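Since this is a predicted model, take the numbers as computed values, not measurements. Indexing begins at 1, ligand by ligand and atom by atom, following the structure's order.
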Amino acid sequence: MNSLGHSPELIRRALLEQSGRLLTPSPALYNLPALRLASRLCELSGFDQVFFGSTGAEANEGAVKLARKYGKTRLNGAYEVITTMKSFHGRTLAMVAATGKPAYQRDFVPLPAGFVNVPYNDMSAIVQATTDKTCAVMLEPIQGEGGVNIPDRQYLADLRAWCTERKLLLIADEIQTGVGRTGTLWGYQQFGIEPDVMTVAKGLAGGVAIGAFLCKEEFSVLEPGDHGSTFGGNPLACAAGTAVMRYIVENDVPGHVSRVGAHLMDRLQSLKASHPDITDVRGRGLLAAIEFREEKAPQVLSRCLERGLLINSVSPNILRLMPALTITEAEIDEAVGILDSAL
Ligand SMILES: Cc1ncc(COP(=O)(O)O)c(C=O)c1O
């Protein structure tokens with residue numbers, strides 16, 4: 001979320017300038033900062049249309065509404081969205097249903113209908129789950145919360161071909177993998193595919209609340225009045241988003257992420273070599289995970305927090321590292337040193 005670090009000057013400046021002009025106009029009107037960010041995102045992604053909200057869950061909700069209307073108007077009323085187990089799509093009721101994790105769902109049933117959760121990285125599961133009710137497949141190009149699970153390149157290529165053949169929308173949840181995180185601007189570029197719809201949030205405005213879904217013109221079925229959000233596309237968030245995107249492009253942040261990400265992976269491999277209780281280290285760019293033989297991630301995490309290293313335990317045996325995209329090799333060495341002493 002703090003993609004360029006904590007409170008970077010370029011975001012403070014963008015917020016200060018914008019706050020002197022306009023905070024949040026009526027969402028019934030366009031505003032220039034939103035148009036500027038929308039056109040920049042389209043130029044940088046190949047999508048044609050953008051809808052802004054304020055969170056990742058809201059972005060995914062919008063994408064699913066688009067898929068439902070697409071199914072209703074173009075696929076004889078199809079409404080089901082196939083999603084994957086161990087995914088994470090947000091905490092609203094529909095996104096809890098989309099998120100294939102029974103632990104997140106159990107206490108909140110009944111959940112909204114229309115989601116089918118299948119195993120990740122398993123194309124035959126998607127083929128089997130596809131029926132004449134299916135309108136879309138939604139997944140993360142790399143599962144973040146699920147433990148930084150990187151699918152086979154062929155899986156996403158086959159999925160792309162399947163969605164095209166069956167006229168299903170392919171929705172990429174890029175909320176964690178987007179905006180340079182994996183070493184390319186968008187995570188799907190790591191796999192040489194193009195989705196039909198993409199959702200982004202988290203790092204897009206460098207720590208200011210924002211979410212968005214983007215789609216190609218040919219799938220643009222939503223009309224004025226179908227969807228809305230009071231704070232969606234507010235000038236403050238969009239001014240911050242434009243400043244972030246400008247910095248990312250002008251400074252080739254994805255290239256930096258690739259380089260320092262390779263260094264991080266080298267250092268994590270060395271850590272694994274000296275700690276036999278680590279069974280795997282994996283990642284792409286600056287999204288990385290350390291997996292343990294036993295459920296010791298929360299214990300290691302609290303030792304890291306005591307030593308000033310902010311990381312996350314996404315399951316009892318997996319730690320996830322997702323630093324600012326501006327991190328240096330020296331800071332990575334310091335972080336891995338803290339991990340070493342915590343272990
Ligand atoms: C892949 C993915 N999708 C959706 C979300 C939900 O975003 P938010 O917490 O902004 O609603 C997250 C948050 O971690 C995420 O990682």
Closer than 4.0 Å to some heavy atom of [X] - which atoms of ligand 1 meet that?
X    : answer
E140 : 1 (C)
N60  : 3 (N), 4 (C)
G56  : 7 (O), 8 (P), 10 (O), 11 (O)

Any side-chain donor near an acceptor of the partner, [X] and [Y], under 3.5 Å:
X    : Y    : result
R320 : Q176 : yes
T177 : W186 : no
R307 : S341 : yes

Residue among R293, K296, K272 satisfying salt bridge (Lys or Arg N to Asp or Glu O under 4.0 Å) with D277: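 Result: among R293, K296, K272, K296 is the only option passing the salt bridge (Lys or Arg N to Asp or Glu O under 4.0 Å) with D277.
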Residue and atom name of the nearest protein heavy atom (relative to atom 16 (O) of ligand 1), distance in Å to one decimal: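 Atom 16 (O) of ligand 1 sits closest to the protein heavy atom Q176 NE2, 2.6 Å.
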Atom 2 (C) of ligand 1 [closest protein heavy-atom partner, distance rounded to 0.1 Å]: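 Result: F88 O, 3.2 Å.
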Parallel, tilted or perpendicular: rings of F51 and H227 (30°, 60°):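 If you compare the ring of H227 with that of F51, the planes turn out tilted.
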Contact (N/O only, under 3.5 Å) between [X] and ligand 1:
X    : answer
A201 : no
H89  : no
D173 : yes
G90  : no
E58  : no

Option passing side-chain contact (heavy atoms from CB on, under 4.5 Å) with T182 (candidates V257, I142, I150, L286):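 Result: among V257, I142, I150, L286, I142 is the only option passing the side-chain contact (heavy atoms from CB on, under 4.5 Å) with T182.
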Minimal non-hydrogen separation, Q190 against R153, with atom names: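 For Q190 and R153, the tightest heavy-atom pair comes out as O-NH1, 2.9 Å.
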Side-chain donor or acceptor of E58 paired with backbone N/O of S54 under 3.5 Å: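 Yes, E58 side chain to S54 backbone: donor-acceptor pair under 3.5 Å.
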Heavy-atom donor-acceptor pair, K65 side chain to D226 backbone, under 3.5 Å: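 Answer holds: yes.
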Closer than 4.0 Å: a protein non-hydrogen atom to atom 9 (O) of ligand 1: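 No, there is no protein heavy atom closer to it than 4.0 Å.
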Quick one: does ligand 1 sit under 4.0 Å from the side chain of [X], the backbone, both or neither, non-hydrogen atoms only?
X    : answer
A57  : both
K202 : side chain
T177 : neither

